[in-house]
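Residue indices begin at 1 and follow the sequence shown.
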Amino acid sequence: MSSEMGPETRPKPAVPMKPVGMNPNLLGYIGIDTIIEQMRKKTMKTGFDFNIMVVGQSGLGKSTLVNTLFKSQVSRKSAGWSRDDKIPKTVEIKTISHVIEEGGVKMKLTVIDTPGFGDQINNENCWEPIEKYINEQYEKFLKEEVNIARKKRIPDTRVHCCLYFISPTGHSLRPLDLEFMKHLSKVVNIIPVIAKADTMTLEEKTEFKQRVRKELEMNGIEFYPQKEFDDDLEDKTENDKIRQESMPFAVVGSDKEYQVNGKRVLGRKTPWGIVEVENLAHCEFCLLRDFVIRTHLQDLKEVTHNIHYETYRAKRLNENGGLPPVSAENEESHESNI
């Protein structure tokens with residue numbers, strides 16, 4: 001009797017198994033699958049924010065690379081910077097925002113530049129203003145979040161991604177590189193990139209990448225994507241490949257086009273020919289672009305919100321005895337309620 005009623009007597013379905021928790025005996029179409037389209041439509045209407053920080057010594061092509069990444073003049077230097085501008089004596093934080101639209105999707109892109117970083121004779125603690133800025137954005141978001149009458153959509157100025165530019169020395173990381181990444185990897189998603197990779201031979205580039213990875217590992221520096229944040233086996237497999245093979249991305253940036261074999265390509269002209277930015281045989285710009293924009297942009301935002309911001313938030317609430325930080329706006333609304 002029990003063998004007749006047991007589930008093992010049922011024939012196996014010919015179609016692939018449906019996800020666990022989904023009723024296999026639906027009587028008809030419900031429309032659950034339209035949730036993705038609903039989310040897409042809402043995102044199309046509201047758009048989204050992405051805040052990217054660039055850090056590194058002057059002359060490493062930070063502005064050019066950001067312009068190349070987003071195929072538009074989005075960097076600070078593109079908006080009125082001149083070559084006569086002096087290098088600042090201390091690290092400054094400069095932000096510039098643009099709205100980029102592609103395929104009906106709007107993105108408010110904010111590029112945060114850090115002129116003066118690593119350019120002084122004494123670069124001791126020059127990462128501190130950058131860490132302070134990152135934490136100030138978390139504080140700003142936290143204060144908006146705990147307001148009694150808070151906004152429906154809190155403006156997000158938190159830094160989602162920090163591209164850290166490494167000089168193409170071919171030797172090893174400088175103490176400043178290690179110090180910066182050691183301190184900042186705890187508060188922001190750091191993606192290390194080797195700048196102006198066309199100054200190295202292919203062998204030098206491969207060896208330098210391996211040496212940088214080894215030094216980061218020896219110093220306990222976690223760059224994005226961090227191992228402990230892999231959600232599942234698929235993520236782990238994909239991210240392990242990036243961590244072990246691609247990082248740090250050896251890139252070349254250029255916003256100039258040249259004619260190569262009848263096609264217009266972005267590149268850098270040298271006496272020996274054109275270094276094609278979007279040619280994987282020449283540099284890893286395509287890998288970086290696909291990684292930051294096409295496969296991991298949403299994850300960069302989620303890790304910022306769920307890990308870095310939550311860590312900051314928990315710390316601030318603990319410091320305050322479990323109470324939210326009081327802002328002037330909070331006090332005013334509290335008094336008006338009384």
Side-chain angles (χ1 to χ4, degrees), residues 49-100 108-140 156-169 173-185 187-197 199 223-224 248-249 251-256 268 285 288 292 300 304:
D49 304 307
F50 187 61
N51 308 319
I52 186 168
M53 176 181 266
V54 288
V55 181
Q57 276 180 297
S58 58
L60 289 179
K62 301 186 295 294
S63 299
T64 305
L65 186 78
V66 172
N67 289 343
T68 316
L69 265 179
F70 295 99
K71 295 203 171 177
S72 50
Q73 300 294 310
V74 294
S75 73
R76 180 181 62 91
K77 289 188 179 180
S78 309
W81 179 88
S82 78
R83 293 199 174 273
D84 299 328
D85 287 0
K86 290 179 181 175
I87 291 169
K89 290 182 179 172
T90 55
V91 178
E92 296 177 355
I93 309 289
K94 304 275 188 183
T95 65
I96 186 159
S97 298
H98 302 266
V99 174
I100 299 175
K108 185 190 174 189
L109 173 71
T110 300
V111 180
I112 304 120
D113 199 358
T114 55
F117 177 84
D119 293 326
Q120 316 307 321
I121 295 168
N122 180 6
N123 289 304
E124 192 179 358
N125 298 342
C126 67
W127 44 266
E128 284 181 350
I130 298 169
E131 185 176 29
K132 183 172 176 270
Y133 174 84
I134 291 167
N135 284 330
E136 279 171 357
Q137 307 321 302
Y138 291 146
E139 184 69 18
K140 201 185 284 185
D156 191 1
T157 59
R158 297 170 298 178
V159 180
H160 301 125
C161 169
C162 172
L163 292 182
Y164 186 76
F165 286 69
I166 298 165
S167 297
T169 60
L173 291 171
R174 299 170 304 158
L176 176 61
D177 299 329
L178 293 169
E179 277 300 305
F180 177 88
M181 288 191 266
K182 204 176 280 184
H183 284 92
L184 274 289
S185 61
V187 296
V188 72
N189 296 317
I190 290 181
I191 298 175
V193 296
I194 298 168
K196 299 194 170 179
T199 60
F223 50 79
Y224 180 84
F249 296 98
V251 296
V252 175
S254 174
D255 40 19
K256 289 181 181 170
R268 277 168 60 87
F285 169 80
L288 174 66
V292 171
L300 281 161
T304 299

Show the nearest heavy-atom pair for residues [X] and [Y], with the distance to one decimal.
{"X": "Ala197", "Y": "Val252", "value": "N-CG2, 4.0 Å"}
{"X": "Val91", "Y": "Cys126", "value": "CG2-O, 3.4 Å"}
{"X": "Ile96", "Y": "His98", "value": "CG1-NE2, 3.7 Å"}
{"X": "Ser185", "Y": "Ile190", "value": "N-CD1, 3.6 Å"}

May I ask you to test the [X]-[Y] pair for a side-chain heavy-atom distance under 4.5 Å?
{"X": "Thr95", "Y": "Val111", "result": "no"}
{"X": "Phe285", "Y": "Leu65", "result": "yes"}
{"X": "Ile191", "Y": "Leu288", "result": "yes"}
{"X": "Leu69", "Y": "Leu163", "result": "yes"}
{"X": "Phe223", "Y": "Met181", "result": "no"}
{"X": "Ile93", "Y": "Ile130", "result": "yes"}
{"X": "Tyr133", "Y": "Met53", "result": "yes"}
{"X": "Ile100", "Y": "Ser72", "result": "yes"}

As an exercise, state the distance from [atom1] of [X] to [atom2] of [Y], rounded to the nearest 0.5 Å.
{"X": "Ile166", "Y": "Leu176", "atom1": "CD1", "atom2": "CG", "result": "11.5 Å"}
{"X": "Glu92", "Y": "Thr114", "atom1": "CD", "atom2": "OG1", "result": "10.5 Å"}
{"X": "Leu109", "Y": "Phe70", "atom1": "CG", "atom2": "CZ", "result": "4.5 Å"}
{"X": "Asn125", "Y": "His183", "atom1": "CG", "atom2": "NE2", "result": "7.5 Å"}
{"X": "Asn51", "Y": "Ser97", "atom1": "CG", "atom2": "OG", "result": "7.0 Å"}
{"X": "Lys182", "Y": "Asp177", "atom1": "NZ", "atom2": "CG", "result": "12.0 Å"}

Contacts of type ring-ring contact (aromatic ring centres under 6.0 Å, His included), residue [X], not counting sequence neighbours:
{"X": "Phe50", "answer": "His160"}
{"X": "Phe249", "answer": "Phe291"}
{"X": "Phe180", "answer": "Phe117, Tyr164"}

Task: With sequence neighbours excluded, residues passing salt bridge (Lys or Arg N to Asp or Glu O under 4.0 Å) with Lys71 - done: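 Here the qualifying residues are Glu278.
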Task: Full working for side-chain contact (heavy atoms from CB on, under 4.5 Å) between Thr157 and Thr110 - done: CA-CA 8 Å; Thr157 59; Thr110 300; over 6 Å; no
Determine yes or no for a side-chain-to-main-chain donor-acceptor pair under 3.5 angstrom, with [X] supplying the side chain and [Y] the backbone.
{"X": "Lys62", "Y": "Asp113", "result": "no"}
{"X": "Thr64", "Y": "Ser254", "result": "no"}
{"X": "Ser58", "Y": "Gly116", "result": "no"}
{"X": "Gln57", "Y": "Gly118", "result": "yes"}

TODO: Kindly state each residue pair satisfying salt bridge (Lys or Arg N to Asp or Glu O under 4.0 Å) with at least one member in residues 128-138, sequence neighbours excluded.
DONE: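 Listed by first then second residue: Lys132-Glu136.
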TODO: Answer with yes or no whether the side chains of Thr304 and Asn189 bring together a donor and an acceptor at under 3.5 Å.
DONE: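 Per modelled atom types, Asn189 and Thr304 side chains form a pair under 3.5 Å.
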Task: Results of side-chain hydrogen bond (donor to acceptor under 3.5 Å, both in side chains) for Arg158 - residues two or more places apart only - done: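 Residues passing side-chain hydrogen bond (donor to acceptor under 3.5 Å, both in side chains) with Arg158: Asp156, His305.
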